[in-house]
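In what follows, a structure is listed as structure tokens, so that the remarks can point back to it.
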Amino acid sequence: MLDAESIGLLPALERDAQGGPLLDEDEALLQQFERVQLVIGAAADQGEGTLFITEGRVIWLSASQQDLGYSCDFPTIAMHAVATDAESSQRPCLYLQLDNGCDDGGAFGLGGGGSASSGNSASGSEDSEAEADELLPELRLIPAEESQLEALFQAFCEGAERNPDTSDEEEGEGAGFFYNQDEALAGAAQGMALGGGGDVEELLGEDPSRFEDDEEEEEEQKEEEQLQQEQAAAVEVQQQQAGSNASGHPNGC
Amino acid sequence: MLFYSYFKTLVGKEVTVELKNDLAITGTLHSVDQYLNIKLNSIRVVNEQKYPHMLSVRNCFVRGSVVRYVQLPPGSVDVELLHDATRREARGG
């Protein structure tokens, strides 16, 4: 079975009494395209089916297999395009790339999505149908009627526009970003004022000797100082002796 | 709305859109909307070896939320103007 979930395609296994997709309570069906072939990744041909467009997602149901279908919400569709190659034998189709948001080191969300974590490892992968090692998150929707292509393209444009990201992260466009150097420095200055020079005094207030050297260290320091003094004294003595010896030869030799 | 307004001034110019999944597409900016969804015409894919099926794609629609960068034609960018606009936007909200 194709590991479609790893690229953001959810299996649509159930249908309603009329053979259509099982929709959520408030979900309205907006459009429907008959005789659309679906190819997943490089060449995993799913055959012909019906494409259903709802407010929030796209559902494809196979025409021949009752338990074969996929759905994908619009936010998962990163880009879509009309591909009409007159040169190659590729039939005109709607090309889509999915991005389900997880990044597992690779460019696409391979191996990172949900329970389908086998997508990226050779040992776990079972998609013998996929020619490549990885299932690239590409889809091709090939309508039987080429004239449907424009409408298909438009349907996906509108679907994306209907389903913008509603993230809580940003309060507004570019929120949290500094727009210029002045702003950045102003922010930094503010930070300084809050937790800057006043702090040291505050900390000392509780314990004046807080930042004093340890007693042990002090002793060591004293010993060192003493040693240095003795050495200095010794050098002085030598110089005096040298001086008295060499009194006749001020320039030394 | 700053970037929406700004990108509208670039309609007709050639840009390269880099998506968060590393796909990079160069094309003529056809249109942009308030969510920064981008429509490009006459596209060519920067890393076309990876996506052979995109060779025959001419026009595309890129979802705003998957865009990482939009590379602009150097001659078309008035840096001072953009700088002022962003400063005003930041103050005005």
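Note on naming: letters A, B, ... go to the chains in the order of the sequence lines (proteins, then strands), and numbering restarts at 1 for each one. The basis for the numbers below is simple: all heavy atoms, side chains too, and nothing from hydrogens, waters or symmetry mates.
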So with a 6.0 Å cut-off around CD of A/E14, is the heavy-atom count from everything else above 12?
no
Within a reach of under 6.0 Å around CD of A/E150, are more than 12 heavy atoms found that belong to other residues, nucleotides or ligands?
no
Are A/E138 and B/Y51 side-chain neighbours, meaning at least one heavy-atom pair lies under 4.5 Å?
yes
Beyond-backbone contact of A/Q97 with B/L23, side-chain heavy atoms, under 4.5 angstrom
yes
Whatever's closer than 4.5 Å to a heavy atom in chain A on B/V57 counts as both
Against chain A, work out which of B/L40, B/V66, B/I38, B/I43 has the most heavy-atom pairs shorter than 4.5 Å and name it.
B/V66
Would you say A/E146 has more than 12 foreign heavy atoms packed within less than 6.0 Å of its CD?
no
Portion of B/Y35 that has a non-hydrogen atom of chain A nearer than 4.5 angstrom
side chain
For B/L19 and A/A78, which heavy atoms make the closest approach, and how far apart are they?
CD2-CB, 4.4 Å
Enclosure of A/R162 CZ (heavy-atom neighbours >12, cutoff 6.0 Å):
yes
Do you know which of A/M79, A/H80, A/E161 has the most heavy-atom pairs under 4.5 Å to chain B?
A/H80
Against chain B, label A/L96 side chain, backbone, both or neither, depending on which of its atoms sit under 4.5 Å from a heavy atom there.
neither
Of all heavy-atom pairs between B/K39 and A/C157, which one has the smallest distance, and what is that distance?
CE-SG, 3.6 Å
Atom pair CG/CZ of A/D165 and B/R63 - distance to nearest 0.5 Å:
4.5 Å
Side chain, backbone, both or neither of B/D33 within contact of chain A (heavy atoms, under 4.5 Å):
side chain
Are the side chains of B/F61 and A/F153 in contact, using a 4.5 Å heavy-atom criterion?
yes
Starting at OG of B/S65, measure out to CG of A/N163 and round the result to the nearest 0.5 Å.
10.5 Å
At a 4.5 Å cut-off on heavy atoms, which part of B/I25 comes close to chain A: side chain, backbone, both, or neither?
side chain
